[in-house]
Protein chains: 2
Amino acid sequence: MNRRVTIKDVAEAAGVGVATVSRVLSGGSASPQTRERVLAVAAQLDYRPSALGRNLRQRRTGGMGLLVPDLTDTFYGQLSEGVLACARSAGEPVVIGSTGGDPEQEADLIGMLLEQSVDRLIAVPSGDAETWAPALRAGMTVVFADRLPSEGTHEDDDTAALAVHDLMLLDGLPPAPRGRPLDVPSVVADDRAGIRTAVRYLRGLGHRRIAFLGGPGHDRRAAAFREAVGTPVDDDLVVFATGSRDSAYAAASSLFLSRPDLTAVVAGGNVLGEAAVLAARELDLRVPRDVSLVMYDDVPWAELCSPPLTVVAQPGRDMGYRAAELVMRSGGRRPRDVVLPTELIVRGSCGPRRP
Amino acid sequence: MNRRVTIKDVAEAAGVGVATVSRVLSGGSASPQTRERVLAVAAQLDYRPSALGRNLRQRRTGGMGLLVPDLTDTFYGQLSEGVLACARSAGEPVVIGSTGGDPEQEADLIGMLLEQSVDRLIAVPSGDAETWAPALRAGMTVVFADRLPSEGTHEDDDTAALAVHDLMLLDGLPPAPRGRPLDVPSVVADDRAGIRTAVRYLRGLGHRRIAFLGGPGHDRRAAAFREAVGTPVDDDLVVFATGSRDSAYAAASSLFLSRPDLTAVVAGGNVLGEAAVLAARELDLRVPRDVSLVMYDDVPWAELCSPPLTVVAQPGRDMGYRAAELVMRSGGRRPRDVVLPTELIVRGSCGPRRP
DNA sequence: AACCATGATGGAATCGTTTCCATGAATCGG
DNA sequence: CCGATTCATGGAAACGATTCCATCATGGTT
């Protein structure tokens, strides 16, 4: 790095003290002629205040952190674009990290952000409360987007309890103090309504054996699925993959193989939807003739698919933007959670049930 | 932010000077017993060195910047994942920015990075040499990925000259000093070979009227296209969109409408490919019966498309990883440019020409 | 004319780290 | 046994900004 123009240089060139320059540049009081002179000199010297000095003095880094599971997942790409748009309009830097859905990597990245004194963070969490404790203990302002951390794994956890709890969250009620609930604001889609709409739509087409294909972080959607179906759902009709495309494909394949009687699938995310299409094709199941498919997430390629995919769209970009707003404007008080609407977009991947 | 544990606290608790603590923690010399004590105390206090203090002292920010046009473009998602993987393994933070393909925003983001004293930057450039001058002048280590900045617009620039110049670059030769060439290392795919393969494949199927549908930054690919075709190409068979999906769709539509005689299209990127499929469908052109299509970039959904898309795959993730390596390991010397191989993956979107 | 309020201004402290340099002890060779 | 070299160590300066506080000039009020 070349020798940098510092505030001292500007002060000398303008014949004033450094304090005055600082005041002028950060909007403090100064006489008009001084202000003008300082600004002129600063411009002439092409002076840029060093964020390093400022941050050290203020004991905080400007900007915010952003943690997502995977940038090749279009949905997280959209979410990130939203965050970046908001940050850009505020002129703030964004430090990004990709966790791969792995709590351990997530913890490492949190540690890295802590070292950087990044004190505001937007995250699509992969770990549980324990993973997030260090960040909160250090006083970070955290906003969760798209999902909430899974509860710590207590031995007495059963899916039903988890479901009820999570659905309460969805309605904006304070979570029942189960385990160690994190008091962190969040921006999520209305998964409950979105899934419900999808299930009702499929039922309206006559489907009765509907499966849910989820990925990491789709617990809330799975719970909403069970609730929307109403009657108890066979456990092997709700399957989970681990995040990678391979795992999603394997989960989809084994679902189709183990339950040849199913007539419809709800995929909990675009990677899962992709896997479902691929697996169905491989097994010679035609969509929607043999099996109907609704995918959570709208992505540009859903329309290109054969057939075009019926989806539950959630506003990824807005989600990111709102989360960034929240994390920036959080003036000490805990902001309200934000729940964004979803929309069922009917294309061609669902048909009436065939006997 | 809570009161932070500083090096001073550790020094006091361990009964040594701050200098000693610093040395121990950064691998300097110290007696075994001192080292042990300091490490024990540091661990016990959960001490994390503040990157702020260090960076100020060393007058540089650790980590690197990353500038891409659009994170919802799967290819840039892949590239970013590569960069992040490399950075993560080195424990370095990445400051990301999305330029939207707009040189002005790019310049703003460069300014922001400069303020942050980020001195290493990986970029998929949108602006020209002028946009990049400030960064280079400030001594930033820059690596371009996926593409090179377009030359400044000189009035005497013509496409042919640009093509020749860029193709020389592709072969790893130093660029002819035309205008103000930037001496910046780069990691790009072998566009020339990739496009040539695609064109030869199409010609082998009998196609003679082949069009190229490009986006911003696809000049090299367009030039390679012209070269691969050999005979002069009608100007209206090489069309460019401006980056948005809408613009890509409009360009594809108008291409099909203005040249109903074309029988094959090479799309310069996945967004363009998507647009081509959409536009063809809208105009009732069947792929590959009425028009064959090869898309640059392999993306997961290419296989889901109807028909599955024949693509020229380029290794996005590797590209990012290599670029990050370059920007980190660049020990003063300018590293060699990296050119990565492409691969034609034949699926179902190309067929023999029909009269 | 004395006094006070106001506002502009600059010096100096501060943030947390690294690193230069001086000090003192200890080890080594002659 | 002594001078020279090595080595661990801590004090203090430096990085570049913000901000507290004291100072000084000014203008208005009694």
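Order of the sequence lines fixes the chain letters, A, B, ..., with proteins taken first and strands second; residue numbering starts at 1 for each chain.
Of the candidates A/V187, A/V188, A/V184, A/F144 forms a side-chain contact (heavy atoms from CB on, under 4.5 Å) with just one, namely A/V184.
Dense packing is recorded around CZ of B/R54, with more than 12 heavy atoms of other residues, nucleotides or ligands lying under 6.0 Å away. At most 12 non-hydrogen atoms from other residues, nucleotides or ligands lie less than 6.0 angstrom from CZ of A/R322.
When each of D/dT18, C/dA12, C/dT18 is scored by its nearest atom to the side-chain atoms of A/A19, the top-ranked nucleotide is C/dA12. Side-chain atoms of A/Q58 lie closest to D/dT19 of the nucleotides D/dT19, C/dT9, D/dA17. Taking only side-chain atoms of A/R57, from C-beta outward, the nucleotide of C/dT17, C/dT9, C/dA13 with the closest atom is C/dA13.
In this structure, CD1 in A/I7 is found 12.5 Å from CG in A/L45, a value given to the nearest 0.5 Å.
Atom CG in B/N55 sits roughly 15 Å away from atom P in D/dA17 (whole-Å rounding). Going from atom CG of B/D119 over to atom P of D/dC15 covers 18 Å, rounded to whole Å. Atom P of nucleotide D/dA17 and atom CZ of A/R59 are separated by 20 Å, given to the nearest angstrom. A/D9 places its CG atom 9 Å from the P atom of D/dG16, with the value rounded to the nearest Å. Look at CZ on B/R60: it is 11 Å from P on C/dT19, rounded to the nearest Å. Going from atom CG of B/L114 over to atom C1' of D/dA17 covers 17 Å, rounded to whole Å. Atoms CD (B/Q116) and P (D/dA17) sit 13 Å apart, rounded to a whole Å. The separation between A/L52 atom CG and D/dT18 atom C1' is 14 Å, rounded to whole Å.
Look at A/R54 and you'll find a side-chain N or O under 4.0 angstrom from OP1 or OP2 of D/dT18. Look at B/S31 and you'll find a side-chain N or O under 4.0 angstrom from OP1 or OP2 of D/dT9. Between D/dA8 and B/R23, no contact under 4.0 Å exists linking OP1 or OP2 to a side-chain N or O.
B/S22 comes within 4.0 angstrom of a base, heavy atoms only. Using a 4.0 Å heavy-atom distance criterion, A/S29 is classed as a sugar-phosphate-only contact. Residue contacts for A/G17: at a heavy-atom cut-off of 4.0 Å it reaches the sugar-phosphate backbone alone, with no base atom in range. Within the nucleic acid shown, A/L56 comes within 4.0 Å of at least one base atom, counting heavy atoms only. At the heavy-atom level, B/R48 lies under 4.0 Å from the strands shown only through sugar-phosphate atoms. Across all strands shown, A/T34 has heavy atoms under 4.0 Å from sugar-phosphate atoms exclusively, and none from any base.
Taking the side chain as every heavy atom from C-beta outward, B/P69 and B/R147 approach each other to under 4.5 Å.
Nearest-nucleotide positions on DNA chain C for B/V5 and A/A30 put A/A30 closer to the 5' end. Place B/V21 and B/G53 on DNA chain D by their nearest nucleotides, and B/V21 ends up nearer the 5' end.
No side-chain donor from either of B/E115 and A/S50 sits under 3.5 Å from a side-chain acceptor of the other.
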